[in-house]
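Just below is one structure, and these are the notes that go with it.
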Amino acid sequence: MDVITILLLAVALAMDCFAVSITNGIALRQFHFVPIMKMAFLFGLFQAGMPLIGWAAGVGFKSQIEFIDHWIAFGVLLFLGVKMIKESLSDEEDEKENQPALQWKKLIFLAVATSIDALATGLVFLTESVKTFVFALVMIGLFSFGLSVAGNMIGIYLEKHLPFNMEMVGGIVLIGIGVKILLEHTGVL
């Protein structure tokens with residue numbers, strides 16, 4: 001696999017991280033370094049770690065998880081999206097302002113949900129050299145980290161500059177990502 005293909009793969013895998021990070025930035029409403037870095041770190045770690053797990057497990061593991069991975073991702077993103085929409089409709093503005101950091105549990109759920117597709121990507125590298133595979137893992141992790149940071153910043157900007165309830169839009173986006181994953185994996189798209 002050549003470098004350009006690996007970089008395109010890394011960007012493609014990071015797109016869910018980017019979209020989810022935009023919704024997180026919307027919820028944050030202002031720049032908070034630690035929560036943004038926690039999310040970006042976990043997204044990068046899980047995006048790079050899942051292909052490693054897929055590669056190590058080989059083809060046998062793929063057939064065992066393939067029929068439910070999309071349901072797991074859909075369920076997590078649906079739950080978080082509905083929760084975000086519900087919070088956007090509440091009048092508890094002060095409570096939102098005092099909770100800038102996502103909880104570790106929620107971050108890990110988001111990291112797993114956005115990286116579950118990357119699990120199967122590890123199987124693509126079964127015939128590649130270890131050097132190529134390690135390079136791919138590093139690029140996947142770095143692109144996921146970078147696009148997560150960028151997504152948070154874009155979300156913060158959108159929340160401040162658009163005249164409608166961006167937190168609700170963020171919840172709808174999370175649900176949409178979950179539906180997209182489900183439809184792709186069930187062959188509808």
Side-chain angles (χ1 to χ4, degrees), residues 1-28 31-57 61-62 65 69-70 72-77 79-81 84 100-126 128 130-158 170 173-182 184-185:
M1 189 176 295
D2 63 82
V3 172
I4 299 297
T5 303
I6 290 171
L7 295 178
L8 290 173
L9 177 66
V11 170
L13 289 174
M15 283 295 117
D16 285 347
C17 297
F18 179 67
V20 171
S21 295
I22 290 173
T23 65
N24 185 62
I26 290 166
L28 284 176
F31 180 78
H32 294 281
F33 181 78
V34 173
I36 291 171
M37 289 301 122
K38 281 187 343 189
M39 175 177 252
F41 172 76
L42 284 175
F43 279 12
L45 180 68
F46 274 75
Q47 285 288 356
M50 287 294 198
L52 181 60
I53 292 168
W55 178 79
F61 183 69
K62 180 184 178 193
I65 188 91
D69 64 349
H70 49 282
I72 295 168
F74 172 73
V76 169
L77 292 171
F79 172 77
L80 294 172
M84 195 170 185
L102 284 173
Q103 300 167 351
W104 281 104
K105 183 177 167 182
K106 186 176 179 182
L107 280 173
I108 290 172
F109 280 141
L110 285 171
V112 169
T114 57
S115 66
I116 210 147
D117 285 347
L119 187 66
T121 304
L123 298 173
V124 172
F125 292 97
L126 285 173
E128 299 293 332
V130 173
K131 181 179 175 183
T132 299
F133 183 53
V134 169
F135 174 73
L137 293 179
V138 170
M139 290 300 103
I140 290 167
L142 288 176
F143 274 87
S144 297
F145 179 90
L147 287 175
S148 178
V149 172
N152 273 285
M153 301 309 289
I154 290 168
I156 292 166
Y157 176 83
L158 291 175
V173 168
L174 285 180
I175 293 169
I177 292 169
V179 169
K180 176 184 162 277
I181 289 170
L182 185 64
E184 286 176 347
H185 284 256

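All values below come from the heavy atoms of this structure, side chains included, with hydrogens, waters and symmetry mates left out.
- Identified under the side chain to side chain donor-acceptor pair (under 3.5 Å) test for residues 1-14, with sequence neighbours left out: D2-T5.
- Formation of a donor-acceptor pair under 3.5 Å by the Q47 side chain with backbone atoms of F145 is not found in this model.
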Distance-only criterion, 3.5 Å: show the donor-acceptor pairs between side-chain atoms of residues 8-20 and protein atoms not counting sequence neighbours.
none

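- Here L45 contributes atom CG and I108 contributes atom CD1; the two are 9.5 Å apart, rounded to the nearest 0.5 Å.
- Here S148 pairs with S21 under the side chain to side chain donor-acceptor pair (under 3.5 Å) rule; sequence neighbours left out.
- With rounding to the nearest 0.5 angstrom, the CG atom of N152 is 8.0 Å from the CE atom of M37.
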Would you give me the side-chain donor-acceptor pairs under 3.5 Å for residues 131-142, sequence neighbours excluded?
| from | atom 1 | to | atom 2 | distance (Å) |
| --- | --- | --- | --- | --- |
| T132 | OG1 | S129 | OG | 2.9 |

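- Atom CZ of residue F41 and atom CG of residue L107 lie 11.5 Å apart, to the nearest 0.5 angstrom.
- In this structure, L158 CG and T23 OG1 are separated by 11.0 Å, a value rounded to the nearest 0.5 Å.
- Partners of Y157 under the ring-ring contact (aromatic ring centres under 6.0 Å, His included) rule, at least two apart in sequence or in another chain, are H161.
- Partner of F43 under the side chain to side chain contact (heavy atoms under 4.5 Å, CB included) criterion, out of T114, N24, V149: T114 alone.
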